[in-house]
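Owing to the predicted nature of the structure, the values given are computational and were not obtained by experimental measurement. Below, each value reflects all heavy atoms present in this structure, side chains not excepted, and no hydrogens, waters or symmetry copies.
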Amino acid sequence: MPKSLVWGKIIMETFFEESGINDRIKLGDTKARIMEGIMRTRVAGWTVAKQAVEFNISVDTVNKYIRELKDLYDETQKHSVILPVRKQSKKEQELDNQV
């Protein structure tokens, strides 16, 4: 059984840089800032409900952004020499199902 991706600082920062999220944040993109926050708090183990409260958005919006982040990661990973392939773990599924 494959192990899940361990989100270290290098992987997360590389993803933000290579995906363009950092550039979008520098340009004042609020959605990109929230998506970065969602990624960081998700790695820290926050529930979707806690993220929704923290970022003042709905649970549905948090889930939408998580899906977008996963898709963006998968697309970015295809062109990266550093980012490993994302594998869905049991922990990831649990975080996705929390409300």
Side-chain angles (χ1 to χ4, degrees):
M1 181 174 194
K3 292 186 177 184
S4 66
L5 177 62
V6 177
W7 278 90
K9 183 171 176 58
I10 293 171
I11 293 172
M12 189 178 329
E13 296 306 326
T14 300
F15 168 61
F16 291 146
E17 187 62 37
E18 291 185 2
S19 68
I21 288 179
N22 285 345
D23 292 336
R24 290 172 50 192
I25 291 170
K26 288 176 190 172
L27 293 172
D29 185 336
T30 303
K31 179 179 175 182
R33 184 186 52 76
I34 292 171
M35 288 175 75
E36 177 197 25
I38 287 171
M39 178 67 84
R40 291 185 187 282
T41 55
R42 183 174 174 80
V43 169
W46 287 26
T47 65
V48 171
K50 185 174 179 180
Q51 289 172 318
V53 170
E54 176 69 21
F55 299 110
N56 196 30
I57 56 178
S58 70
V59 168
D60 287 341
T61 301
V62 172
N63 286 323
K64 176 184 164 198
Y65 286 176
I66 289 170
R67 281 190 303 278
E68 287 181 31
L69 283 163
K70 288 178 183 180
D71 291 343
L72 181 59
Y73 182 90
D74 291 342
E75 207 46 49
T76 303
Q77 186 279 324
K78 291 177 187 176
H79 309 286
S80 176
V81 292
I82 297 172
L83 297 175
V85 174
R86 182 180 65 83
K87 296 182 177 85
Q88 191 169 20
S89 68
K90 184 175 181 179
K91 176 71 174 172
E92 181 181 345
Q93 290 173 340
E94 289 170 2
L95 285 170
D96 286 346
N97 294 327
Q98 290 179 352
V99 178

So which heavy atom on [X] is nearest to which on [Y], and how close?
X: Ile21; Y: Ala32; result: CG2-O, 3.9 Å
X: Ala52; Y: Ser58; result: CB-C, 3.9 Å
X: Val43; Y: Met12; result: CG2-CE, 3.8 Å

Chi angles and distances behind the side chain to side chain contact (heavy atoms under 4.5 Å, CB included) call for Tyr65, Lys31: CA-CA 9 Å; Tyr65 286 176; Lys31 179 179 175 182; 3.4 Å; yes

Value rounded to 0.5 Å, distance of [atom1] in [X] from [atom2] in [Y]:
X: Tyr73; Y: Leu83; atom1: OH; atom2: CG; value: 4.5 Å
X: Glu75; Y: Leu72; atom1: CD; atom2: CG; value: 8.5 Å
X: Thr76; Y: Glu18; atom1: OG1; atom2: CD; value: 7.5 Å
X: Asn22; Y: Leu27; atom1: CG; atom2: CG; value: 11.0 Å
X: Ile82; Y: Gln77; atom1: CD1; atom2: CD; value: 11.5 Å
X: Thr61; Y: Phe55; atom1: OG1; atom2: CZ; value: 13.0 Å

Whether over 12 other heavy atoms sit under 6.0 Å from Ile10 CD1: no

Whether over 12 other heavy atoms sit under 6.0 Å from Asp71 CG: yes

Of Val59, Ile57, Ile66, the residue whose pairing with Gln51 passes side chain to side chain contact (heavy atoms under 4.5 Å, CB included):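 Single side chain to side chain contact (heavy atoms under 4.5 Å, CB included) partner of Gln51 among Val59, Ile57, Ile66: Ile66.
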
